[in-house]
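To keep things clear, I will list the structure first and then write my remarks on it.
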Protein chains: 2
Amino acid sequence: MSAQMEIGTPVAARMASLDQPLRMAGTVIHVGEGREIFAEGGDTHLFYKVISGVVRVCRFLNDGRRQIEAFHVAGEVFGFEPGEARSLSAEAVGDCSLVSYRRSHIETLAQKDQAVAHQLFQYVLQNLAQAQGHALVLGRRGAAEKVAAFLLGWARHSLDKNVIHLAMTRQDIADYLGLTIESVSRSLSQFERDGVIALPNARQVRMLNTDALEDLVA
Amino acid sequence: MSAQMEIGTPVAARMASLDQPLRMAGTVIHVGEGREIFAEGGDTHLFYKVISGVVRVCRFLNDGRRQIEAFHVAGEVFGFEPGEARSLSAEAVGDCSLVSYRRSHIETLAQKDQAVAHQLFQYVLQNLAQAQGHALVLGRRGAAEKVAAFLLGWARHSLDKNVIHLAMTRQDIADYLGLTIESVSRSLSQFERDGVIALPNARQVRMLNTDALEDLVA
DNA sequence: CGCTTAATTGATCAGGGTCAATCGTGGTGG
DNA sequence: CCACCACGATTGACCCTGATCAATTAAGCG
């Protein structure tokens, strides 16, 4: 766990200050692959922090279409929504360890501890920036550009920036990028033909030419 | 939603809760149509609240493509970003009156006044929810559905829910929805032919059959 | 009353979706 | 240990929505 917490050093470093007071305020839970963490319509009393694993936060349309709003990895906080009722749901992409916090409890804590309040604010800001970056990708990019942006974003979470392990299926990627499984697959295959990446297996991506991907999303 | 002020209530009442402590903390500014409020690369020292008018917050790609992340109307707060440097820019869609707040100043204030802290948090949460709703529209909806969602969203801001006045151009709408000018225009024309809306002029939309639009975005 | 800019409309094209077949891989049981 | 099965991923053929290119109309404004 400690190794994974170190990912994204600046964030992890900042988190230390929050973890001190928050450690005992939360409850550690384990969620199996594909299991629900919270559902649309549920209440917003709890929010969560990822210890290990990957979480997807998503929304469904009545016809079954799904939009994944965000993937969350170790160190990130999710589950904030205005109002009482959730409009989003969250599931474990793979087995996950999380800490759940009672919102009211943390808000009380934040009143006393200025650092907690500030940290909490930063977490929400982080989610906001992530959502806005996501909107840019969804609105103004072609299929290949979307996939390139996804790979680069994911590489940032990787220990070894040259070998990415994808925790999620092609369907998850497609639903995150507003594409179909087939378009994701075709883009990846094309990148491989172009010598930009290698795909040792479906879940692993070796980055051979990061610059080429950067150019696409520039 | 509880913290979101209803548009349509008197301005003074709408802003009362945050304005009581914040009134003297902020500076009222007026921004002419199309003028920049802040730019990508600038610092994040200030954030803003809309008194009147409409603001667009957007991002540009190197090739000139633009994605409008959000439109903000009276009562809404915008300009929050993590880090020191902005990755977004903001412009007045039409003439605007805003209050600008110094972030450091407000944070000091929030330490003392619990209500301010809570209110601030709600505003950011509101922005987050808005961004996530936007992502759903961008990722998983066709052109007509996008335009329908936009009209309904905008109708919520309208005094008279049956006659919408659009503050922005077709280009703005297109850049918000990830479409082209032409697709927006065609969708609107189609709605008009179907008797769902009327277009007395380019900036005014009369809602004739809201349910039909609701069905599209259901 | 032109001039300029925004919006609409039409014709064509292409990117990505859909449908369908095949491949690959990991897991299970004989 | 290997064969089979099931599910995910890939690939191909075709189609459709929305982008692009281009012309026309409408609306402000000096």
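Convention: sequence-line order gives letters A, B, ...; per-chain numbering from 1.
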Subject >> Terminal helix-axis angle for the helix from C:dC1-D:dG30 to C:dG30-D:dC1, with five pairs defining each axis and rounding to 10 degrees >> reply: 30°
So which protein nitrogen or oxygen atoms get under 3.5 Å of nucleotides 21-23 of chain C's nitrogens or oxygens?
none

Original post:
Can you check side-chain contact (heavy atoms from CB on, under 4.5 Å) on A:Q204 and A:L166, steps first, answer last?
Top reply: CA-CA 6 Å; A:Q204 239 167 358; A:L166 300 174; over 6 Å; no
Original post:
Which value, rounded to the nearest 0.5 Å, describes the distance between B:H45 atom NE2 and B:S100 atom OG?
Top reply: 13.0 Å
Original post:
Expressed in angstrom and rounded to an integer, what is the separation of B:Q171 atom CD from C:dT8 atom C1'?
Top reply: 14 Å
**OP:** Apply side-chain contact (heavy atoms from CB on, under 4.5 Å) to B:R186 and B:I181, showing your working.
**Re:** CA-CA 9 Å; B:R186 274 187 252 273; B:I181 259 189; over 6 Å; no
Original post:
Can you tell if the side chain of A:L216 reaches within under 4.5 Å of the side chain of A:L152, non-hydrogen atoms only?
Top reply: no
**OP:** Mark yes or no: B:R65 above the aromatic ring of B:F60, with NZ or CZ under 6.0 Å from the six-membered ring centre and no more than 45 degrees from the axis.
**Re:** no
Original post:
Within this structure, what is the CG-to-P distance between B:L177 and D:dA19, rounded to whole angstrom?
Top reply: 11 Å
Subject >> Heavy-atom pair of closest approach, residues A:V184 and A:V147 >> reply: CA-CG2, 4.3 Å
**OP:** Please check if the distance between the ring centroids of B:Y176 and B:F71 is under 6.0 Å.
**Re:** yes
**OP:** Rounded to the nearest angstrom, tell me the gap between atom CD in B:E192 and atom P in C:dA7.
**Re:** 15 Å
**OP:** Identify, residue by residue, the members of residues 195-209 of chain B with a heavy atom below 4.0 Å from DNA chain D, and return them in order of residue number, or none.
**Re:** none
Below 3.5 Å between N/O atoms, which protein atoms pair up with nucleotides 13-17 of chain C? Just atom names and distances, please.
{"from": "C:dG16", "atom 1": "OP1", "to": "A:A143", "atom 2": "N", "distance (Å)": "2.5"}
{"from": "C:dG17", "atom 1": "OP2", "to": "A:T180", "atom 2": "OG1", "distance (Å)": "3.1"}
{"from": "C:dG17", "atom 1": "OP2", "to": "A:S183", "atom 2": "OG", "distance (Å)": "2.3"}

**OP:** Could you check which of C:dT8, C:dA7, D:dA9 has an atom nearest any side-chain atom of B:T169?
**Re:** C:dA7
**OP:** Apply side-chain contact (heavy atoms from CB on, under 4.5 Å) to A:Y48 and A:Y101, showing your working.
**Re:** CA-CA 6 Å; A:Y48 304 85; A:Y101 300 101; over 6 Å; no
Original post:
Can you tell if the side chain of B:F78 reaches within under 4.5 Å of the side chain of B:F47, non-hydrogen atoms only?
Top reply: no
Subject >> Under the side-chain hydrogen bond (donor to acceptor under 3.5 Å, both in side chains) test, residues paired with A:S87 that sit two or more places apart >> reply: A:E81
Original post:
For B:I181 and D:dG18, what is the distance between atoms CD1 and C1' respectively, to the nearest whole Å?
Top reply: 15 Å
Original post:
Is it true that B:R86 and B:D43 make a salt bridge, defined as a side-chain N closer than 4.0 Å to a carboxylate O?
Top reply: no
**OP:** Check whether any side-chain heavy atom of B:V55 sits under 4.5 Å from a side-chain heavy atom of B:C96, and report yes or no.
**Re:** yes
**OP:** Let me know the distance between CG of B:L138 and C1' of D:dG18, rounded to the nearest Å.
**Re:** 15 Å
**OP:** Starting from P on D:dG12, measure out to CD on A:Q190 and report it in whole angstrom.
**Re:** 11 Å
Original post:
Does A:T169 reach the side chain of A:R203, with side-chain heavy atoms less than 4.5 Å apart?
Top reply: yes
Subject >> Non-neighbouring partners of B:A135 that pass side chain to side chain contact (heavy atoms under 4.5 Å, CB included), sequence neighbours left out >> reply: A:E69, A:H134, A:L138
**OP:** Can you tell me the distance, in whole Å, between the CD atom of A:E33 and the P atom of C:dG27?
**Re:** 11 Å
Original post:
Atom CG of B:L188 and atom P of C:dA7: how far apart are they, to the nearest Å?
Top reply: 10 Å
